[in-house]
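The figures here come from the full heavy-atom set of this structure, side chains too, leaving out hydrogens, waters and symmetry mates. Positions are given from 1, in the same order as the sequence printed here.
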Amino acid sequence: MTSDGVPQRTGNNLDPWYANYAERAAGLAASEVRALFAVASRPEVVSLAGGMPYVSALPHDLITSSMERVMRERGAVALQYGSGQGIPELREQILEVMSIEGIRGSVDNVVTATGSQQALDLVAKLFIDPGDVILAESPSYVGALGIFRSYQANVAHVATDEHGLIPEALRQTIAALRGQGRRIKFLYTIPNFHNPAGVTLSAERRPEILEICRSNEILVLEDNPYGLLHFDEPAPNALRSLDPEGVIYLGSFSKTLAPGFRVGWALAPHAIREKLILAAESAILSPSSFSQMVVSEYLATADWRAQIDTFRGVYRERKDAMIEALGEYLPQLNWTNPNGGFYVWVTMPDVLDSKQMLPRAVKELVAYTPGTAFFADGRGRHAMRLSFCYPTPDAIRLGIRRLATVINGELDLLDTFAGTGPLQLPSSAGYDSAPPSDLK
């Protein structure tokens, strides 16, 4: 403790500046997903871990021509600083994209961002004070949990089932937190083709959940990167379409075009919109004019709706390959069967630990994301997220076969030693009860 009452912190051999960090820096930790990228990039490993879109399905000639046209006709503007809110042409086109899911809005209330991840961070920055509570599905998106942790929020998970967030569980969670005097800032939800669970919030539950939040004066943050990537029936209309004043909607071109452009957006109520722009300008001055203009040019010249249909077919084929392989190689497990998006959520017997099992899986040349990545409270050890968006169907089948080798091996090992007591060494003369020195 220093003379003025400030707790004394010191550096260490690894980081001499440790004592200088703000307290919130303690919330910055590498997630299981980030730690997997180095391993998953090895060509011999079948990665069922990261949610990387299959960008090879894009018409590269159209992307290239859009870039060339932007540089040829508007290069001086594209390479310059821009508006903190984003270019008007793209914001108009974003309204057209959102209209597919029933959203009507004003171009003035659209704020473009460096991916929807930045928009999510800006919302958290605006609303979260240390100790605030964020409601989130159980499980929830690892990137959001990292942001909430970095702003020193507490996440309260709300139970879900095959139809998405459970309204009664939401009521009970809110009541319990309010009874403890806790301050709830917003509900964070991924209603369509959920990451990581793969489920979709039913049409019947959507107005009920909005009414619960409205009656408790809780803002809703709707994160919807996968909504247009359905396989059979489209997802129900967006939550934002039902309550424009109570919902901030986050969208992205990362899944329906390409993540490398880093273009996403937020559609917010007017007063919040103003603060989002100020927060964005404070953080980055302005999103990339070049990326926005290329995306805008692509939307203006390409049949982007047909391209989304192409992506749907690609991901549907891969999802079917994964579900079929799980049924063949791991029929004893349970899993979700999504109607869109990128992910299948697999539940294993309680005796298995997906996080501890991961190094053995990597040794068998397959990677996945442990379920613990998607909980703020350490749960999820007997679950894992499998991503089908990037590998080919044949690679997916190979990956599931390798995963089955790991899981079945673990189960066989546990079965072999189940019920066995501690091993007893003979006590007769000549035996040393201590282990050999080279094993200590």
Side-chain angles (χ1 to χ4, degrees), residues 53 58-59 62 66 83 85-113 115-116 119-120 123 164 189-194 200-207 209-210 219-259 261 263-273 276-277 287 291-313 315 339-341:
L58 278 170
L62 282 176
S66 295
S83 162
Q85 187 172 1
I87 64 173
E89 306 96 284
L90 179 60
R91 289 188 280 122
E92 288 278 6
Q93 291 162 316
I94 286 170
L95 288 180
E96 182 183 356
V97 172
M98 291 189 296
S99 70
I100 298 173
E101 296 184 287
I103 295 174
R104 300 290 181 268
S106 165
V107 68
D108 291 337
N109 291 337
V110 177
V111 180
T112 59
S116 60
L120 175 57
V123 172
T189 178
I190 308 171
N192 299 330
F193 320 127
H194 186 271
T200 295
L201 182 62
S202 68
E204 293 75 18
R205 288 184 179 180
R206 295 187 180 219
I209 285 171
L210 289 171
L219 183 67
V220 176
L221 183 55
E222 178 181 17
D223 198 356
N224 189 35
Y226 310 99
L228 298 183
L229 296 175
H230 59 81
F231 301 145
D232 296 318
E233 293 297 318
N237 279 348
L239 295 171
R240 168 75 191 203
S241 71
L242 304 175
D243 187 2
E245 293 305 313
V247 178
I248 300 176
Y249 176 97
L250 304 182
S252 176
F253 290 108
S254 291
K255 308 304 189 293
T256 55
L257 182 52
F261 289 118
V263 176
W265 70 90
L267 176 65
H270 184 79
I272 297 175
R273 183 282 313 267
L276 275 176
I277 296 171
S291 290
Q292 290 181 83
M293 288 183 177
V294 172
V295 172
S296 178
E297 184 67 26
Y298 169 80
L299 294 173
T301 58
D303 189 349
W304 57 269
R305 293 173 186 259
Q307 180 56 43
I308 291 174
D309 283 337
T310 298
F311 278 131
R312 288 172 184 150
Y315 299 138
N339 182 41

*Of all heavy-atom pairs between T301 and S66, which one has the smallest distance, and what is that distance?*
OG1-OG, 4.0 Å
*Where do V220 and D243 land on the side-chain contact (heavy atoms from CB on, under 4.5 Å) test, with the steps shown first?*
CA-CA 9 Å; V220 176; D243 187 2; over 6 Å; no
*Which residues satisfy the side-chain hydrogen bond (donor to acceptor under 3.5 Å, both in side chains) test with R273, sequence neighbours excluded?*
H270
_Exercise: identify the closest heavy-atom pair between I100 and N237_ = O-OD1, 4.5 Å
*So, for P88 and V107, which heavy atoms are closest and what is the spacing to 0.1 Å?*
O-CG2, 4.1 Å
*asked:* Are the side chains of L299 and L90 in contact, using a 4.5 Å heavy-atom criterion?
replied: yes
_Holding to side-chain hydrogen bond (donor to acceptor under 3.5 Å, both in side chains), I want the full list of residues that pass it with S116, two or more places apart in sequence or in another chain._
none
*Could you check L219 against I272 for side-chain contact (heavy atoms from CB on, under 4.5 Å), going step by step and ending with a plain yes or no?*
CA-CA 11 Å; L219 183 67; I272 297 175; 4.2 Å; yes
_Side chains of V294 and E297 in contact at under 4.5 Å (non-hydrogen atoms)_ = no
*Verify the distance criterion only: is there a donor paired with an acceptor across the side chains of S296 and Q93 at less than 3.5 Å?*
yes
*What distance separates D232 CG from N339 CG, expressed to the nearest 0.5 Å?*
5.0 Å
*Rounded to the nearest 0.5 Å, how far does OG1 of T189 lie from CG of L210?*
9.5 Å
*Say you draw a straight line from CZ of F193 to CG of L201; how long is it, rounded to the nearest 0.5 Å?*
11.5 Å
*Does some side-chain heavy atom of D223 sit less than 4.5 Å from a side-chain heavy atom of S252?*
no
*What heavy-atom pair brings R206 and L239 nearest, and what distance separates the two atoms?*
CB-CD2, 3.7 Å
_Looking at every heavy atom in both L228 and I308, which two are closest together, and how far apart are they?_
O-CG2, 3.7 Å
*Rounded to the nearest 0.5 Å, what's the gap from CG on L120 to CG on L221? Could you check?*
6.0 Å
*Would you check if P269 and I248 make a side-chain contact, meaning some heavy-atom pair closer than 4.5 Å?*
yes
*Would you sort out whether N224 and R240 count as a side-chain contact (heavy atoms from CB on, under 4.5 Å), showing the intermediate values?*
CA-CA 10 Å; N224 189 35; R240 168 75 191 203; over 6 Å; no
_Main chain of W265, side chain of R91: is a donor-acceptor contact present, judged purely on distance under 3.5 Å?_
no
*Out of curiosity, E92 CD to I87 CD1, how far, rounded to the nearest 0.5 Å?*
11.0 Å
*So do the side chains of Y249 and E101 get within less than 4.5 Å of each other, counting heavy atoms only?*
yes
*Supply the atom-to-atom distance F253 CZ to T112 OG1, rounded to the nearest 0.5 angstrom.*
9.5 Å
*Okay, side chain of N192, backbone of Y226: is any donor-acceptor separation there less than 3.5 Å?*
no
_Looking at every non-hydrogen atom in both residues, tell me the closest pair between S106 and L95 and how far apart they are._
C-CD1, 4.0 Å
*Side-chain touch V97/T256, heavy atoms, less than 4.5 angstrom*: no
*Mark yes or no for whether Q85, through its side chain, and V110, through its backbone, hold a donor-acceptor pair below 3.5 Å.*
yes
